[in-house]
Structure formats: structure tokens, C-alpha cells
There are 2 protein chains.
Amino acid sequence: MSSLSTEKLKPFLDKLEAHSSLNRADCAAFEQLPFSFERVAAGSHIAREGDPAATFCGMVSGFSYRYKIVAGGGRQIVSVQVPGDFLDLQSAALGMTVYSVQMMTPGEVATLPAACLERLADRHPDLHRALWRETLVDASIFAEWVTNIGRRDARSRIAHLLCEFAVRLQQCVSPPAPCFLLPMSQEQIADATGLTPVHVNRTLQSMRHSGLIRTQKRQVIIDDWNQLMRVGDFDPAYLVALPPVGLAIPLHQSV
Amino acid sequence: MSSLSTEKLKPFLDKLEAHSSLNRADCAAFEQLPFSFERVAAGSHIAREGDPAATFCGMVSGFSYRYKIVAGGGRQIVSVQVPGDFLDLQSAALGMTVYSVQMMTPGEVATLPAACLERLADRHPDLHRALWRETLVDASIFAEWVTNIGRRDARSRIAHLLCEFAVRLQQCVSPPAPCFLLPMSQEQIADATGLTPVHVNRTLQSMRHSGLIRTQKRQVIIDDWNQLMRVGDFDPAYLVALPPVGLAIPLHQSV
DNA sequence: CGCGCGATTGAGCACTATCAAGAGCAGTGG
DNA sequence: CCACTGCTCTTGATAGTGCTCAATCGCGCG
């Protein structure tokens with residue numbers, strides 16, 4: 001049982017180690033945290049904006065997103081999480097929930113009381129730093145999204161989103177997926193890019209006709225990675241802490 | 001001389017103390033950091049995207065912004081800093097510069113080698129936490145900007161920006177300014193909201209005609225704070241760590 | 001087989017961008 | 001003291017990207 005949970009925590013530790021060199025004690029301390037694992041359904045909420053933020057979650061499997069609601073009822077997805085990502089580290093460290101977190105697909109999350117996190121950080125400076133840096137990468141992605149939504153047209157925005165996904169998925173999926181599965185509905189893509197579902201639909205069609213991508217159900221296959229990067233004005237530098245370049249792995253293999 | 005620099009560092013310490021209770025040793029350690037102070041002109045760059053990020057800066061006086069450039073040459077301002085803010089804490093902690101930082105007005109910055117910051121964090125967990133939280137507030141603001149740009153129309157976006165400013169200025173200006181000085185050109189507002197300068201101009205005019213604000217040169221006077229908050233769909237919660245509500249202080253006094 | 005959500009399509013409109021030119025103002029130099 | 005220069009703000013006309021409303025289609029699921 002213990003080895004099973006260790007196995008599930010591995011992606012998180014790997015990620016933290018990429019940020020800061022951790023010694024055995026650090027790793028052991030992390031693995032011995034009283035995480036509880038739970039299967040969650042698509043659409044279920046992990047947290048809601050305004051909640052007190054008493055826990056801290058990591059995503060073992062599945063995809064999720066963070067969103068905010070505006071006055072008119074509109075929804076803005078502000079980030080997407082893939083397996084190995086922390087869902088609400090910011091909220092936990094801040095003590096308040098500044099956005100809602102919802103599952104995009106069914107999956108499994110690891111949950112921890114926020115107080116444990118605090119104690120861990122105090123006793124393990126290297127882990128502390130790694131956790132900090134993890135939130136900094138998140139912030140860097142936010143800044144890129146501001147730029148993406150503020151200064152690019154629909155086609156570029158969507159292309160950029162797809163590129164970001166592709167790179168981040170390469171990180172967490174092993175072995176690298178032969179094709180690139182995007183579990184987002186067009187409405188979710190719209191909410192993530194500041195567009196409307198209708199316009200996303202038309203833009204995706206146009207991208208298909210240009211030979212950039214193919215789609216089947218909620219699966220996107222990237223046909224022309226280089227062109228997609230160009231269209232999306234995509235430079236993976238903002239994702240930080242990534243292996244030099246992820247482009248070597250063929251993303252364009254067909255199903 | 002030492003007391004002068006202590007004076008200049010006070011806003012930073014105040015801010016950090018709001019995040020995490022610091023003991024005497026923490027404060028002393030921070031004050032004794034080898035900051036160097038420097039006057040900088042409007043428009044001068046503090047950092048450029050892609051730089052190695054060897055230093056860490058705080059803003060003693062003046063205003064600055066962080067921006068990114070996109071393929072077409074467009075500029076997106078991703079955040080604005082007021083006195084007492086750290087300019088590139090994220091970059092320093094991350095070891096790479098993910099956006100450029102430029103002065104909006106003349107001002108004075110306090111600079112420190114990034115390595116000092118690292119040592120400080122390792123030895124002072126409470127300071128470490130405070131610095132972390134400071135970047136989390138930044139991230140929270142980024143997320144709000146994503147929402148603002150992605151899901152609000154021009155009028156709301158600008159109103160929201162003004163509201164954010166007003167609240168953050170109340171924090172750092174003492175005594176509270178009788179009117180609210182916005183040192184941004186319309187072009188800068190445009191780059192911060194994802195609009196064009198022309199459209200910002202027209203929207204500001206419309207807001208003036210509605211009695212929301214007045215402008216003189218680069219100064220904005222808020223005439224109807226409550227209405228402006230409503231128009232901007234503004235809820236200061238995302239700014240965190242603020243005194244309960246900043247609205248008590250009259251922002252609408254005339255010049 | 002019917003239900004329901006997501007994808008698709010069409011028509012018309014609105015918000016915002018683009019292009020271009022003029023006005024106000026501050027700093028500079030003759 | 002007065003052009004000169006450059007920047008920001010302002011205004012007009014026009015175009016276009018993306019939105020709204022509405023209906024249809026396709027498909028998985030009970």
C-alpha cells in the first residue's frame with residue numbers, strides 16, 4: 001500500500017526535484033505526508049473561489065482547470081492542469097482560494113491538509129524552494145496567457161494553447177503519447193482563450209483546412225508542429241524547468 | 001546613511017510582515033542586505049526578457065510595468081508595479097527573466113544580487129514564506145488580468161484596471177492621495193488591457209461623460225467609486241493581504 | 001429509441017481595430 | 001522669445017474580427 005502511494009507521488013517529487021536538489025530526508029518527508037487519494041468524476045469541483053483553502057491537492061491522473069466567473073456570467077479558464085501538477089498550491093500557501101478548480105476529465109487527486117504543507121516547508125528549505133518555484137512557473141504561465149489573450153488573434157491564441165499543452169503533456173505522459181489528446185470541449189477552449197464557442201469552432205475548422213491539425217471527438221492530432229508553433233507565436237521558454245526542447249519527440253504521428 | 005536606507009526599505013519590510021510574522025532577526029537580516037539604491041529615468045529598462053536574472057530589485061519610488069512582445073510587434077503589459085513592490089522577484093527566484101521590466105515614471109530602485117536573496121531565504125523560513133506569498137499575490141493578479149482581458153468589454157477592463165490601481169495606491173501612498181494619480185499614457189493603458197490606444201481614448205471619453213471619472217493630463221480622478229467598481233466588476237479579494245476594505249478612504253475628493 | 005450535450009452552420013450585427021490627420025503641449029535650441 | 005520637434009491625445013471614416021441568436025446535426029448513453 002505504501003509503495004503504491006509512493007508510486008503515485010513520484011511525478012510530484014520528480015517535478016520538485018527538477019526545481020531544487022533534494023536530499024534523501026527531503027524526499028522521505030514528502031513521501032510520508034498523509035496524502036489521501038481519491039477518484040473524482042469529470043466536472044466535479046476540487047475547490048471553489050472564496051473557500052478558506054484548508055487542503056492542498058495534486059493531480060495523480062486526469063486533467064483539470066482553474067476558472068473565474070465574471071459579472072455577466074461569463075467564465076474564464078485561467079489555467080489547465082495535467083497529471084503531476086499541483087491544483088491549488090497557490091491557494092494553500094496563500095490561505096485563500098482565488099479561483100475555482102474543476103475536473104475536466106475523471107481522474108485521481110492526492111489531498112493533504114494545508115497545515116502539513118506549512119510544516120514541511122519550514123523544516124525543509126530545499127522543498128520550500130521547490131514548491132515556491134513551482135508556483136513561479138504557474139505565474140509565468142499566467143503572464144503568458146495574459147499576453148496570449150490580450151495581443152493575439154483567435155487563430156494564434158488557439159494554436160498557442162495547443163502548443164503549450166503538447167509540451168506539458170510530453171512532460172507528464174510516459175511514454176510520450178503517439179498523438180496528442182486534448183480533452184477539452186470547444187466551449188472550454190473558448191473559455192480558456194477568451195473567445196466564444198462558435199468562433200472556436202470556425203477557427204479550428206480553418207486550422208484543419210490549413211493542414212495544421214486534425215480533430216476527432218476531443219482529440220487533437222498535430223499535423224504540422226513547426227507551423228503550429230509559428231502560427232501560435234510559441235516559445236516554450238516561459239514553461240521553464242523543461243528539458244531543453246521537447247520538440248524532438250514526434251507529436252505528429254498519426255493514430 | 002544606514003538609517004536612510006533603512007527608511008527606504010521600510011515599505012518592503014512592512015509588506016513582508018503583512019504576509020508572515022517576522023522576528024527581530026528576520027527584519028535585521030533583511031535590512032542588512034547589501035542593497036544599492038539607484039535613480040532611474042522614465043522608460044529605462046530594469047530587465048529584459050531572456051536575461052539571466054542576476055539581480056533582484058524593489059521599487060522605492062515611481063511606477064513600472066512588466067511586458068512581453070508578441071510576433072506582430074505588439075506589446076502586452078502584464079502587470080504594473082507601485083512603490084513598495086518587488087520588480088522581478090519571480091525572475092530572481094526562478095533564475096530566468098520571463099518578461100521585460102521598464103520604468104513608467106522616473107523613480108528609485110533598490111537592487112540586490114540574486115544570490116543574497118537565496119541565502120536569506122534558506123536561513124529565514126519566515127522571510128522565505130513571506131517572499132513566496134508576495135509572488136503568490138502577483139500570480140493572483142495575473143489570473144485576474146487573464147479574466148479581465150479575456151471576458152470583459154473595453155469599458156469594464158479599463159474600469160477594473162483603475163480600481164486595482166486605486167486600491168494598490170492606497171496601500172503604498174501615505175498619506176492617502178486626495179486624488180488618484182494614474183501615471184499611464186493611454187497607449188500604456190491600451191497595452192495593459194489588450195485594446196488599441198484609439199479605443200482606450202474613446203472609452204475614457206465615454207466614462208468621463210458618464211461621470212465616472214475625470215482626467216487631466218495623466219491624472220485620473222475617480223468621481224464615482226462605487227459605480228466604477230460596478231462597471232469594472234471589481235472585487236478586491238484577489239489582491240489578498242490587504243486591510244479589510246480600502247474603500248473607506250475617499251477616493252473621489254476633487255483636486 | 002429518445003434524450004442531451006457538444007459540434008456545426010447561417011445570417012446579421014457590434015465592438016474594436018485600422019488608417020489618417022489634426023490639435024495641444026512640453027522641451028529644445030536658435 | 002519664438003520656431004521646431006516629438007509625443008500624446010483627439011477625431012473621423014471605414015473595415016473587419018469576433019459575437020449573438022437560432023437552428024440543425026451527430027453521437028454516446030440510459
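The chains referred to below are lettered A, B, ... by the order of the sequence lines, with proteins before strands, and numbering in each begins at 1. Small disclaimer: the values here were computed from a predicted structure and weren't measured.
Side-chain N/O atoms of B:Ser61 and B:Glu108 include no donor and acceptor closer than 3.5 Å.
Salt-bridge annotation for A:Glu144 and A:Arg152: present, with a side-chain N of the basic residue lying under 4.0 Å from a carboxylate O of the acidic one.
Rounded to a whole Å, the CD atom of B:Gln186 is 8 Å from the C1' atom of D:dT8. For B:Ile189 and D:dT10, the CD1 to P distance is 10 Å, given to the nearest whole Å. The distance between atom CD of A:Glu187 and atom P of C:dG4, rounded to the nearest whole Å, is 17 Å. Rounded to an integer number of Å, the gap from CG of B:Leu204 to P of D:dT8 is 15 Å.
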CA sep, side-chain torsions, deciding dist, call: A:Lys8, A:Phe35, side chain to side chain contact (heavy atoms under 4.5 Å, CB included): CA-CA 10 Å; A:Lys8 288 179 177 176; A:Phe35 278 106; over 6 Å; no
Candidate pair A:Asp223 and A:Arg208, rule salt bridge (Lys or Arg N to Asp or Glu O under 4.0 Å), full reasoning: CA-CA 9 Å; A:Asp223 279 327; A:Arg208 281 196 296 256; over 6 Å; no
Candidate pair B:Phe56 and B:Ser91, rule side chain to side chain contact (heavy atoms under 4.5 Å, CB included), full reasoning: CA-CA 8 Å; B:Phe56 154 67; B:Ser91 302; over 6 Å; no
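Using cut-offs of 30° and 60° on the angle between ring planes, the pair B:Phe142 and B:Tyr99 is tilted.
Summary for the helix from C:dC1-D:dG30 to C:dG30-D:dC1: the axes at its two ends, each from 5 pairs, differ by 30° when rounded to the nearest 10 degrees.
Here B:Asp153 contributes atom CG and B:Ile158 contributes atom CD1; the two are 9.5 Å apart, rounded to the nearest 0.5 Å.
Between the B:Arg151 side chain and the A:Arg75 main chain, a donor and an acceptor come within less than 3.5 Å of each other.
Phosphate contact (OP1/OP2 of C:dG6, side-chain N/O of A:Gln188, threshold under 4.0 Å): absent. Between A:Gln205 and C:dT9, a side-chain N or O to OP1/OP2 separation shorter than 4.0 Å is present.
The listed nucleotides are D:dT11, D:dT8, C:dT9; the one nearest the side chain of A:Asn201 is C:dT9.
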Are any protein N/O atoms closer than 3.5 Å to N/O atoms in nucleotides 12-21 of chain C? If there are, list each pair with its distance.
residue	atom	partner	partner atom	Å
C:dT16	OP1	B:Ala154	N	3.1
C:dT16	OP2	B:His199	NE2	3.4
C:dA17	OP1	B:Thr196	N	3.4
C:dA17	OP2	B:Thr196	N	3.1
C:dA17	OP2	B:Thr196	OG1	2.8

